[in-house]
Amino acid sequence: MRSSSLLLLSFLLGVCDVHGASEFRICAFNLHHFGEAKAKKNNVMHSLARIITRCDVCLLQEVRDAKEKAVPMLLDRLNRYDTEHTYDTVSSERLGRSSSYQEQYVFVYRTDTVTVTGQYQYPDNKPGDVDAFSREPFVVRFKARKTAIKEFVLIPQHTTPDNTTKELDALYDVLQDVKRMWKTENVMLLGDFNADCGYLAKKNRKNVRLITEKNLYWLIPEKTDTTVRSSTSCSYDRIVVNGETFARAIVPNSANPFNFQTAYRLSEEQALEVSDHYPVEVLLKDIANKVSFTKFLSLFVLGHLVFQMSTW
């Protein structure tokens, strides 16, 4: 009787594992000068397709697509590479103080798992911010019904290295504006924050509200290397979530850089052709993860009673 009950328990645990096995992955990837020239390199595009199609939503940074050819080429490659899903993009305008150097934020997302429900280009020279950002955040709201959080907002930022402290602090104001505008607490900030090494001095961290605010959770562990070059070891790329509700919707310990160099057995030279950054990523719990232990215990007890009745 006891061994049969244990078998039943194992079966029910297996059922729960199956329902909780799906992953919803959010990524942020600095593509390092991604434009038409890079998009014409077959080996680079193959690696990018392998990396980006791992994600349900992937923020791309350093997109320099002035002729508007590189992103469509990438999107076509993604949809040909991964036939199980369909991909689309939502992009910011070209951003930057200099007309000779501008970038776009581009979100790539799976249309079968994610819906874009809102977008907002944070204004340049907003009253009171004294032009805080070189590349103002392009804020996007997503709905993903199969996740525990269901709807969330992503605020991207690629900070300017010589202005990192000011831009990171100003992101706190963007967060407050977005929370008021869309009446939500489920907000994630992500991107190449340049939040380490010489760009964010330890003495300046106390002046960054994005760091000192207790309700914000920095998910990428300190001293985690997000750079490809063996000569550097810096935690530039980060993921930050607002509030306990969102933090509880994160799969524990799932926030990490994805070392595509090791995963795809590339030399450092080959990896640097793709980017000098690793993407950072995090997993969201799915709806099945919200099933409480009480419900599971009830299921087990019911199954055990059915088993006992069958032996009478």
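Under the rule for a side-chain contact (heavy atoms from CB on, under 4.5 Å), the partners of S275 that lie at least two apart in sequence or sit in another chain are F29, H32, H277. Qualifying side chain to side chain donor-acceptor pair (under 3.5 Å) partners for D169, counting only residues two or more places apart in sequence or in other chains: R209. Residues passing the side-chain contact (heavy atoms from CB on, under 4.5 Å) test with N43, sequence neighbours excluded: K41, E273. With sequence neighbours excluded, the residues forming a side-chain contact (heavy atoms from CB on, under 4.5 Å) with T111 are T86, D88, Y109, listed by chain and number. With sequence neighbours left out, Q176 forms a side-chain contact (heavy atoms from CB on, under 4.5 Å) with Y172, K179, R180. Partners of Q104 according to the side chain to side chain donor-acceptor pair (under 3.5 Å) rule, which considers only residues two or more places apart in sequence or in another chain, do not exist here. Applying the ring pair (Phe, Tyr, Trp, His ring centres under 6.0 Å) test to F246 and every residue at least two apart in sequence or in another chain returns nothing. Under the side chain to side chain donor-acceptor pair (under 3.5 Å) criterion, D225 pairs with T227, not counting sequence neighbours. Annotation: ring pair (Phe, Tyr, Trp, His ring centres under 6.0 Å) contacts of F142 (sequence neighbours excluded): F107, F152.
Between K69 and D65, none of the side-chain N atoms (NZ, or NE/NH1/NH2) sits under 4.0 Å from a carboxylate O, so this pair counts as no salt bridge. No salt bridge links E103 with R64; every basic N to acidic carboxylate O contact stays at or beyond 4.0 Å. Using a cutoff of 4.0 Å between basic side-chain nitrogens and carboxylate oxygens, R25 and D56 are not scored as salt-bridged. A salt bridge is absent between K146 and E23: the closest approach of a Lys/Arg side-chain nitrogen to an acidic carboxylate oxygen does not fall below 4.0 angstrom.
The list of ring-ring contact (aromatic ring centres under 6.0 Å, His included) pairs with a residue in residues 56-97, not counting sequence neighbours, reads H46-Y81. Counting only residues at least two apart or on different chains, no ring-ring contact (aromatic ring centres under 6.0 Å, His included) pair has a member in residues 47-71.
Two different hydrophobic clusters hold V108 and V282 under the rule that ILVMFWY side chains link at heavy-atom gaps under 4.5 Å.
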Side-chain atoms of residues 189-197: list all donor-acceptor pairs with protein atoms under 3.5 Å, sequence neighbours left out, distances to 0.1 Å.
unit_1: D192; atom_1: OD1; unit_2: N194; atom_2: N; d: 3.1
unit_1: D192; atom_1: OD2; unit_2: N30; atom_2: ND2; d: 2.9
unit_1: D192; atom_1: OD2; unit_2: H158; atom_2: NE2; d: 3.3
unit_1: N194; atom_1: ND2; unit_2: T159; atom_2: O; d: 2.9
unit_1: N194; atom_1: ND2; unit_2: T159; atom_2: OG1; d: 3.2
unit_1: D196; atom_1: OD2; unit_2: S235; atom_2: N; d: 2.7

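Within 6.0 Å of atom CZ in R265, 12 or fewer heavy atoms from other residues, nucleotides or ligands are found, so the atom counts as exposed in its surroundings.
Here L283 contributes atom CG and N253 contributes atom CG; the two are 11.0 Å apart, rounded to the nearest 0.5 Å.
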